[in-house]
Amino acid sequence: MSVMTGSRIRRAQRGGVVVVVGPDGAGKTTLRHALANSSCGLDLKTERRPGPLPKLTRGIVTEPHRHPPRSTLGSSAKLVYYFTDAWLVWLFRVRPQVREGTWVVKERGWWDMIVDPRRYRLRTSPGLVRVLGRLLPRPDLLVILEAPPDLIRSRKTELPAEEIERQMQIWREAVSAGQRQRRLYLDASLPVDELVRLTSEEVRRMGGAVGGWTGLPSRRDPRWTLPRGPRTLAAKALRIYQPVTLKGLAGWSAARVVASLGGFRLLPGSDVEPSVVASALEPRLGSLRIVALARTNHPGRFVALLADHDGRRRAVAKFATDEAGKAVLRREGEAIEALGALLPPPLFPPRVQDRGEDHLILDAVEWQPRLLSWRLPEEVADALGRFFAAGVQEASGAERSPLGPAHGDFAPWNLFRTRDGWTLLDWEEARQGAPPFFDLFHYLVQAHALLRHPTRRQLLAG
């Protein structure tokens, strides 16, 4: 288990754009304002209107289909006008907020002109609307509100039931720029609080990963689930894995270069998203969000990397879905608090932020890669001896040597070098009553068996 480095970045994590669409009376404006005013732990803000260019329609539209369409030439000119305004809004209003980590909530969006051209008095080819639409930045999430036409018409009588049904059908026919557009279909008859919750969960499930998720080494059965973008976040998310071999370090370094150049956007999307873990941890996350997920060697156990809206790595969460895994997490949390205090510098235990029946949340560790991780530094070996001595128990009965505390799983992949010393993770096997040198020999044997260093001859010579 590992966490991301705490290198200084202003904003490692982007926000995104949420567009709420649906027929008149579906509740688009209500949901948009409710999202912006919600306390869901996400930075959601409604788009400020009007745009940089003057509005062509004054006042509130109460009869959207009252006036006839403009001429073909006038419609084309109006479409270009709207296109220019949309680009200016993106460049000078939306894009700066997205780069600062804000999720901007808009209403209708560009594709509403295909669904309901009469509202905009357009008499142009849908193909032209599509071509211009593809030149605009695609929303990160399209929230489509649906409900029985009679229910929607009971709220607003601006459109007949047949027109409402037609519009919902067009939204279902993938007018929103193809299958790559992420969508969320919601029942508009639900209470607005429930719609806010469902939308917020979807945004949180996306994890701020603009472009979606990818899985490594396999997208269908990934060991690591990582964001495809933005590229800074994708590179930082690779800190979910700490390499302990030269081959692993080379591959990890190469992957960071590819991710930093935007190469992860070329990878296929993962069939597995960190939604299950995110939903379970949501009450504990607060303003944090999952930016990377790792599946451990044990079924039903995960490690999630958590960051705040500024992109700073704040915590790592260990999560279990089965009873055996939950028991392990309880045991580990208790061991860190009981035995971790005995560790002398330069060894340190991770600080526990929160622990419960199915989770254990720890502080993020700013670890540094090691070229020869199998080598045990003398200062660490010395600290292990003092750790044992701090809790030593005198020998009794047939015992010939005293017993003391042990980490139990002291190995190269659980020892992290930091600027201030060494952090020792994974305390699930920690215990009292271990023989002297247990952790020392465990480290050397594990390194020999799995990393092939030190060699058998070196061990015997030592």
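Scope of the values below: all heavy atoms of this structure, side chains included, with no hydrogens, waters or symmetry mates.
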Notebook entry, point to check: What do the steps show when you test L186 against L190 for side-chain contact (heavy atoms from CB on, under 4.5 Å), and what is the final call?
Noted result: CA-CA 8 Å; L186 295 180; L190 294 173; 5.9 Å; no
Note to self: The test is side-chain contact (heavy atoms from CB on, under 4.5 Å); show your working for L136 and R138 and say whether it passes.
What the structure shows: CA-CA 6 Å; L136 292 171; R138 186 171 63 243; over 6 Å; no
Next item on the list: Report the C-alpha distance between L293 and L305 in whole Å, list the side-chain angles of each, state the deciding distance to 0.1 Å, and finish with yes or no for side-chain contact (heavy atoms from CB on, under 4.5 Å).
Entry: CA-CA 6 Å; L293 185 71; L305 188 61; over 6 Å; no
Next item on the list: Check step by step if salt bridge (Lys or Arg N to Asp or Glu O under 4.0 Å) holds for D426 and K318.
Entry: CA-CA 10 Å; D426 284 357; K318 304 179 76 172; 2.9 Å; yes
Margin query: Would L306 and I290 count as a side-chain contact (heavy atoms from CB on, under 4.5 Å) here? Give the steps.
Written below: CA-CA 5 Å; L306 310 179; I290 294 177; 3.6 Å; yes
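Residues V20 and K106 are not in side-chain contact: their nearest non-hydrogen atoms beyond the backbone lie 4.5 Å or more apart. In this structure, the side chains of T46 and L35 stay at 4.5 Å or more apart for every pair of heavy atoms. For the pair K45 and V104, the minimum side-chain heavy-atom distance is 4.5 Å or more. Using a 4.5 Å cut-off on side-chain heavy atoms (C-beta onward), T321 and D358 make no contact. Considering only heavy atoms from C-beta on, V18 comes within 4.5 Å of V203 through its side chain. Side-chain atoms of V21 and L142, non-hydrogen and from C-beta on, do get closer than 4.5 Å to each other. In this structure, E163 and M168 have side chains that are not in contact, with every pair of non-hydrogen atoms separated by 4.5 Å or more. For the pair Y120 and P69, the minimum side-chain heavy-atom distance is 4.5 Å or more.
In plain terms, the two heavy atoms of P227 and A234 that are nearest each other are O-CB, 3.4 Å. For L343 against P349, the heavy-atom pair with the smallest separation is CD1-N, 3.7 Å. In terms of heavy-atom proximity, V98 sits nearest to V17 at CG2-CG2, 4.0 Å. The two residues V291 and A237 come nearest to each other via the heavy atoms O-CB, 3.7 Å. Nearest heavy atoms, P412 versus A447: CG-CB, 4.0 Å. Across every non-hydrogen atom of A255 and F264, the tightest pair is O-CE1, 4.0 Å.
E202 and R182 are joined by a salt bridge, as a carboxylate oxygen and a charged side-chain nitrogen come within less than 4.0 angstrom of each other. With respect to the salt-bridge test (charged N to carboxylate O, under 4.0 angstrom), the residues E107 and R32 qualify. Using a 4.0 Å cut-off between charged nitrogen and carboxylate oxygen, R355 and E332 do not count as a salt-bridge pair.
Under the 3.5 Å distance criterion, the side-chain polar atoms of R223 are matched with a main-chain donor or acceptor of R295. Here the side chain of R370 pairs no donor or acceptor atom with the backbone of R417 at under 3.5 angstrom. With hydrogens and angles ignored, the 3.5 Å screen pairs no side-chain donor or acceptor of T124 with any backbone N or O of S76. With hydrogens and angles disregarded, a donor-acceptor distance shorter than 3.5 Å links the side chain of T296 to the backbone of R301. Of the possible polar contacts, none joining the D85 side chain to the Y81 backbone as a donor-acceptor pair under 3.5 Å is found. Panel note: side chain R431, backbone E429; a donor-acceptor pair is recorded below 3.5 Å. Under a 3.5 Å cut-off, the side chain of S200 and the backbone N or O of R197 do not form any donor-acceptor pair. With hydrogens and angles disregarded, a donor-acceptor distance shorter than 3.5 Å links the side chain of W110 to the backbone of V129. Not a single donor-acceptor pair under 3.5 Å links the side chain of R314 to the backbone N or O of A364. Using modelled atom types, no side-chain atom of R119 and backbone atom of M113 make a donor-acceptor pair closer than 3.5 Å.
Among L360, V316, L362, the one residue that satisfies the side-chain contact (heavy atoms from CB on, under 4.5 Å) test with P350 is L362. A ring pair (Phe, Tyr, Trp, His ring centres under 6.0 Å) with W224 is found for one member of W252, F302, Y241 and no other, namely Y241.
Between D187 atom CG and L151 atom CG the span is 8.0 Å, to the nearest 0.5 Å. The structure places CG of L79 at 5.0 Å from CG of L132, a figure rounded to the nearest 0.5 Å. From S71, atom OG reaches atom NZ of K78 across 11.0 Å, with rounding to the nearest 0.5 Å. Atom OH of Y82 sits about 7.0 Å away from atom CG of L122, to the nearest 0.5 Å. Rounded to the nearest 0.5 angstrom, W90 CH2 and L88 CG are separated by 13.5 Å. Here CD1 of I170 is found 11.5 Å from CD of E165. Values are rounded to the nearest 0.5 Å.
The number of heavy atoms from other shown groups lying within 6.0 Å of CZ (R95) does not exceed 12. Heavy-atom neighbours of L73 CG from other residues, nucleotides or ligands within 6.0 Å: at or below the threshold of 12. The neighbour count for Q446 CD, taken as heavy atoms of other residues, nucleotides or ligands under 6.0 Å away, is above 12.
Between F348 and W422, a ring centre-to-centre spacing not shorter than 6.0 Å is recorded.
The cationic atom of R239 (NZ for Lys, CZ for Arg) lies less than 6.0 Å from the six-membered ring centre of W367 and within 45° of the ring axis.
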